[in-house]
Amino acid sequence: MKPTIRPVKGTRDFYPEEMAFRTWLYGQMKAVSQKFGYQEWEAPILESLELYAAKSGEELVKEQSFVFADRGGDTIALRPELTPSLARLVAQKQRELPKPIRWWSFGPFWRYERPQKGRTREFFQWNIDLIGVNSAYADAELVAIGAEFFKSIGLSAQQIVVKVNDRKLMEEQLAQLGVPPDQIEGVYRLIDKLDKLPAEKWRAYGIDDIGLSTEQIDRLSALLTNRELWKESADLTAFFNAIDDLGVSDYVEYDPSIIRGLAYYTGVVFEARDRSGEFRAILGGGRYDNLVGDVGGDPLGGIGFALGDVVIGLVLEKFGLKPQLRPAPADVLVTIFDAVLARTSAKVAAQLRSGGVKTELYPDAVKLDKQLKYANTQAIPIAIIIGPDEATQSQATVRDLRSGQQQVVKQAELVEQVGNWLGTK
RNA sequence: GUGCCUGUAGCUCAAUGGUAGAGUACUGGACUGUGGAUCCAGGCGUUGCGGGUUCGACCCCCGUCAGGCACCCCA
């Protein structure tokens, strides 16, 4: 093995093929965001560590952030998530921003942890948020956007499900079980582990580590399998009606075991998974009603979710839905027959570009079969050949590499002819 | 931070302790004005690195580095 410098642990190199997928993903996210009227925005990748100290989970800040001191001695973090930045931007212009605020963003994030399947240290995330409104339609809209996104990239409701719960409902239910407020966070952790631990271990964890009584854990256990629990919540009832109205109810289910890890969620929480449960959560989100206030603004609530590029890539691959993308943007390769005719080919290439055709000029007068082979590996659909026969009559051979058909046309008509070939296939 | 697994050709992987191979990719040719298919030819390795055991190590042992997976945690 050559002594090459390795990429930083947990990062990925985006060769043109991978970059084409990322760009495609971005395009799908943009399309769905705009369909719902959301505006694109972006925050700095560097933020003060204290921005996260306010509200994100303890572990996230202390153990999982890339943190460094800049040359002036300030403590800077590579952003591990976007929502605190969002709260900061909103708080800064809170009075002048027209409500409701509908914003979306796509960019890189970093977490310092051990990479494994579906998890890297650098990842890209779509964030989309609706701020300034607390209503069933606001909550349902975000879930609907997620569902519309899945639909748009070919993932059906048989393959993907968005599971929804409400922390307010859970708080009430836990209070009825006699769980004191300071124990709720621990019980949330316990709930989060429900499908990760075997039943016996889960019980033991709840009793020994969280401090529940056997009666409490039995009742909690019953609670977490009660798929009708949402009917006891007026908010969730209105939410599911709104989901119905928005036409995405086939993607959405109630699940009392959905809690999500972040400390700042205050109401509806949701996550999307593949129905077989093979992968980690594809997206996760919820309502946060205190966040803007926590960074110094007036209390203003919002709801949003984040969807990363890694897991969705794995899911699309599994279902055979990852698009076959062509990294080469050119539609035409102009070959060079020999050194003498190189100038003719170069002029033809320039002419095609003036006509708006994405054109590559082969940069060397090598054997024709090599040039065509190159076009083939790049999946460039059309090759143009100008040999002595064509040149003497100001003509060019247009070869369609998809069908193998070819035709001799006048050079002056190339733009039009190529347009026809591209359009009819 | 904890545990398990894996490091062999550019890539994917073989090789009862007896001098290291295949597919694919690449290059050239069959086909000197035409790609994909087929056939032929060609090069390739300090077996991650360092020690040890052995007459002999890709193989066994120790260390080390790297990667993967799971736990932890999850935006």
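Letters A, B, ... mirror the listed sequences (proteins, then strands); counts begin at 1.
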Provide, to the nearest angstrom, the distance between the [atom1] atom belonging to [X] and the [atom2] atom belonging to [N].
X: L333(A); N: U34(B); atom1: CG; atom2: C1'; result: 12 Å
X: K9(A); N: C65(B); atom1: NZ; atom2: C1'; result: 11 Å
X: E113(A); N: C71(B); atom1: CD; atom2: P; result: 12 Å
X: Y374(A); N: U27(B); atom1: OH; atom2: P; result: 13 Å
X: R280(A); N: C71(B); atom1: CZ; atom2: C1'; result: 11 Å
X: E122(A); N: C74(B); atom1: CD; atom2: P; result: 22 Å

Contacts under 3.5 Å, N or O only, protein and nucleotides 2-6 of chain B:
from, atom 1, to, atom 2, distance (Å)
U2(B), O4, R114(A), NH1, 3.1
G3(B), O6, R114(A), NH2, 3.3

Any N/O pairs under 3.5 Å between the protein and nucleotides 30-33 of chain B? List them or say none.
from, atom 1, to, atom 2, distance (Å)
G33(B), O6, D389(A), N, 3.0
G33(B), O6, D389(A), OD1, 3.3
G33(B), O6, D389(A), OD2, 2.7
G33(B), N1, E390(A), OE1, 2.7
G33(B), N1, E390(A), OE2, 3.2
G33(B), N2, E390(A), OE1, 3.4
G33(B), N2, E390(A), OE2, 2.4

Problem - C11(B) and A25(B), which share atom name P, separated by this distance in whole Å - result: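 Nearest-Å result for A25(B) against C11(B) at atom P: 15 Å.
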Exercise for the section: Using the C1' atoms only, state how far G18(B) lies from A9(B), rounded to an integer number of Å. Expected result: 23 Å
Under a 4.0 Å threshold between the charged nitrogen and the carboxylate oxygen, would [Y] count as salt-bridged to [X]?
X: K318(A); Y: E278(A); result: yes
X: K322(A); Y: E17(A); result: no
X: D208(A); Y: R203(A); result: no

Exercise for the section: Using a 4.0 Å heavy-atom cut-off across all strands, classify A306(A) as base, sugar-phosphate, or nothing. Expected result: sugar-phosphate
Problem - Atom NZ of K201(A) with >12 non-hydrogen neighbours under 6.0 angstrom - result: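 Incorrect, the count does not exceed 12.
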Handout entry: Watson-Crick and G-U pairing of RNA chain B, under 3.5 Å, as dot-bracket with | and [ ]
Key = (((((((..((((....[..)))).(((((.......))))).....(((((..]....))))))))))))....
